There are 2 protein chains.
Amino acid sequence: MVDIFERTGKIAIGRRLRLLSQQLTDDSSKIYQLYGIEGFLPKWFPVFFILHQDGEQTITRIAEHIGHSQPSVTRSIKEMAKVGLVKDNLKSKDKRKNVVGLTDKGMIISQKILNELSSDANNVVDLMIAQAQHNLWEAIKEWEKLLEQKSLHKRIQEQKKQRESKYIKIVSYQAEYKSAFKSLNEQWVSTYFEMEESDYKYLDHPEKNIIEKGGKILVALYKDQPMGVCALIKTEDPEYDFELIKMAVSPEAQGKNIGYLLGKEIIKVAKELGASKLFLESNRVLKPAVNLYHKLGFTEISTRPSPYKRADIQMELAL
Amino acid sequence: MVDIFERTGKIAIGRRLRLLSQQLTDDSSKIYQLYGIEGFLPKWFPVFFILHQDGEQTITRIAEHIGHSQPSVTRSIKEMAKVGLVKDNLKSKDKRKNVVGLTDKGMIISQKILNELSSDANNVVDLMIAQAQHNLWEAIKEWEKLLEQKSLHKRIQEQKKQRESKYIKIVSYQAEYKSAFKSLNEQWVSTYFEMEESDYKYLDHPEKNIIEKGGKILVALYKDQPMGVCALIKTEDPEYDFELIKMAVSPEAQGKNIGYLLGKEIIKVAKELGASKLFLESNRVLKPAVNLYHKLGFTEISTRPSPYKRADIQMELAL
DNA sequence: AAAAGTTATATAACTGGTTATGCAAAAGTA
DNA sequence: TACTTTTGCATAACCAGTTATATAACTTTT
């Protein structure tokens, strides 16, 4: 039964933790009985503890302290009030607040729990930790910290990108990629805007209008399929050497870092061509694209005339 | 919020584990999305995994494999069937059985999960383990094993006994314990049986009928209160030197090992008095008592005549 | 072959938590 | 002072599991 975890591997670490925690908490009501504490539900412990240590306080306050939701505390308090461990609705100026405190009966039980049960439990756990080679308590603390720094989701996303980057190759334009170069760009342009004359100029005749004019086209292959493209053209503007245009990544291949890899590579190419400053145009609606350009080091500049209607942001990068 | 655990101490290790496991599983639906797996609930994973690995099988079989309850699997299967990942009620001679298998759609998704997601997750967890000083995965395994050997409940019980044994003192009879000697015995005898003449002989005149005849009375004090007694009297029977009588422990002080400590001490005393064989009588209704005698090393013997009506078991111990 | 027992499953109800929502009271602001 | 926003709480509904129980279908015993 346990060896399901050996079979599924560490992806099931969450489940395995839950199972272990369940094993531990399942015993707990029996343990309270051991100490002659009748009618006390183990789940009340955190609420009880905080009331004993910090005294009377409101429900929301308790919830914050113990890291539970407020409705969960409300329910516990109700249950505890029913068996007379706690009294609620204590005097308070603010009528929204429900100030809660231990009753005398609650005090007596809390003495017992904290002096006897709690200290025995502590010793037992310490003993178990000592019997094991790997310290569970410390390991939990470390994991809490690690997850605080970076969520599991984020970590897996990165891992995925890294694995997939092995399937990504950035290559120079060749005739066989002509249709991909057009369709990838057409796809996103027509989703957000309308195709313009300038678009057709480059997409229909890339060799003539880009490469033969001293520009460059890069293609990103994912598992040997063209999934992203971008191009560099010489500008007339004397301030810039090249303009970055026609950056496009297939929606199917999103999240694989293809845009970034293309960008990095095209910047490298520009440097090799002797460029010292790059220019590009985009639209603020395309947030992921603008983010990507920022990530690549581009900075916004005040707008100058553009051949594209859709352009509402211009950026530059000094190499 | 987290430091509630530093305050409550290790008694809350179960809760802390649950919280950590929750943090891990909360992310999981987002993670499935990352891989383009839509409409798959992470809780289905174990069922899915086992169907992929071991092929078609019945619901109960799956439940056993993955260590969940049968109703839980029944529900998962229903949900998965609804979205077409699984087909149930496959042909089977035994009409009670519900044989379940993956559909083609299920197969495709399971490929994706097991080849990509699962391996990325494994790598991420391994990386996190490597970043931590204390290996969480191994620590969990060790705890599972430790708990299998001895439950938390049992461990805490032992710890409690040990702590309390510090408050227990075994002392020789003195006049001040006369009333305790009588009342402790009276209490249990009259609960199960009726007081007999023999009882009054020893309980009303312990000095005269026990001590002055070469016997011995021990009293167990718990926090300086007499909570247990037992006595040794010389027997007429030449085969035995002494008989163990009037063993009684207050119900309030049960579970503190007092009976065992009294027994051990009285045996030691008997040895010092030069005894080589002890005798005692009891009744099978008093299971904890008979257990205690066994634990002390006594063995049953075939019955001989007794002055007590209530005796139906006799035991001896060779020193 | 009938009766009794066992097995496989579905269903219902509970558990210890959660999020979502609505309402009243208090606080802030025009 | 009236209006809007915020706060504190209760309630409802959900979630992923559980145990308990009923029922039908098989198997074993008499």
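The structure displayed is predicted, hence computed values, not measured ones. Chain identifiers are assigned alphabetically (A, B, ...) following the order of the sequence lines, protein sequences preceding nucleic acid strands; residue numbering begins at 1 within each chain.
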### Query
Phosphate oxygens OP1/OP2 of D/dT18: is one of them under 4.0 Å from a side-chain N or O of B/Ser69?
yes
### Task
Give the angle between the helix axes at the two ends of the helix from C/dA1-D/dT30 to C/dA30-D/dT1, taking five base pairs at each end and rounding to 10°.
10°
### Message
Looking only at side-chain N and O atoms, does A/Ser29 offer a donor or acceptor that is under 3.5 Å from a partner on A/Gln33?
### Response
no
### Query
Is it the case that B/Gln111 and B/Asn115 place a side-chain donor and acceptor less than 3.5 Å from each other?
yes
### Message
Please report the distance, rounded to the nearest Å, between CD in A/Gln22 and C1' in D/dG17.
### Response
7 Å
### Query
Rounding to a whole Å, what distance do you find between A/Asp26:CG and C/dG17:P?
12 Å
### Task
Would you check if there is a donor-acceptor pair between the side chains of B/Thr60 and B/Glu64 at a distance under 3.5 Å?
no
### Task
Under the ring pair (Phe, Tyr, Trp, His ring centres under 6.0 Å) rule, collect the residues that match up with B/Tyr293, sequence neighbours excluded.
none
Could you run down the sub-3.5 Å N/O contacts of the protein with nucleotides 2-8 of chain C?
from	atom 1	to	atom 2	distance (Å)
C/dT7	O2	B/Arg96	NH1	2.9

### Query
So, are A/Asp54 and B/Arg7 salt-bridged, with charged N and O less than 4.0 Å apart?
yes
### Task
Take the protein atom CD of A/Glu79 and the nucleotide atom C1' of D/dT11, then report the distance between them rounded to whole Å.
15 Å
#### Entry: Separation of D/dG8 C1' from A/Lys93 NZ (nearest whole Å)
18 Å
Protein-nucleic acid N or O pairs under 3.5 Å, nucleotides 11-16 of chain C:
from	atom 1	to	atom 2	distance (Å)
C/dT11	OP2	B/Lys78	NZ	2.7

### Message
It should be established whether A/Ser72 places a side-chain nitrogen or oxygen under 4.0 Å from OP1 or OP2 of nucleotide C/dT18.
### Response
yes
## Note on the structure
Rounded to whole Å, the CG-C1' distance (A/Asp27 to D/dT18) equals 16 Å
### Summary
Between A/Ser76 and A/Lys95, the residue closer to the 5' end of DNA chain C by nearest nucleotide is A/Ser76
### Query
Over how many whole Å does the gap from B/Ile66 atom CD1 to D/dA16 atom P extend?
14 Å
### Query
Whole Å only: how far is the CD1 atom of A/Ile77 from the P atom of D/dT11?
14 Å
### Query
Can A/Lys256 be said to sit on top of A/Tyr222's aromatic six-ring, NZ or CZ under 6.0 Å from centre and within 45° of the ring axis?
yes
### Task
Report the C-alpha distance between A/Gln254 and A/Val249 in whole Å, list the side-chain angles of each, state the deciding distance to 0.1 Å, and finish with yes or no for side chain to side chain contact (heavy atoms under 4.5 Å, CB included).
CA-CA 7 Å; A/Gln254 227 93 61; A/Val249 173; 4.1 Å; yes
### Message
Which residues pass the ring pair (Phe, Tyr, Trp, His ring centres under 6.0 Å) test with B/Phe40, not counting sequence neighbours?
### Response
B/Tyr32, B/Trp44, B/Phe48
### Summary
Here the salt bridge (Lys or Arg N to Asp or Glu O under 4.0 Å) pairs for residues 32-48 of chain A, sequence neighbours left out, are A/Lys43-A/Glu79
### Task
Using modelled atom types only, decide if a donor and an acceptor are shared between the side chain of A/Asn98 and the backbone of A/Asp88 within a distance under 3.5 Å.
no
#### Entry: Among A/Lys161, A/Lys166, A/Lys160, salt bridge (Lys or Arg N to Asp or Glu O under 4.0 Å) partner for A/Glu164
A/Lys160
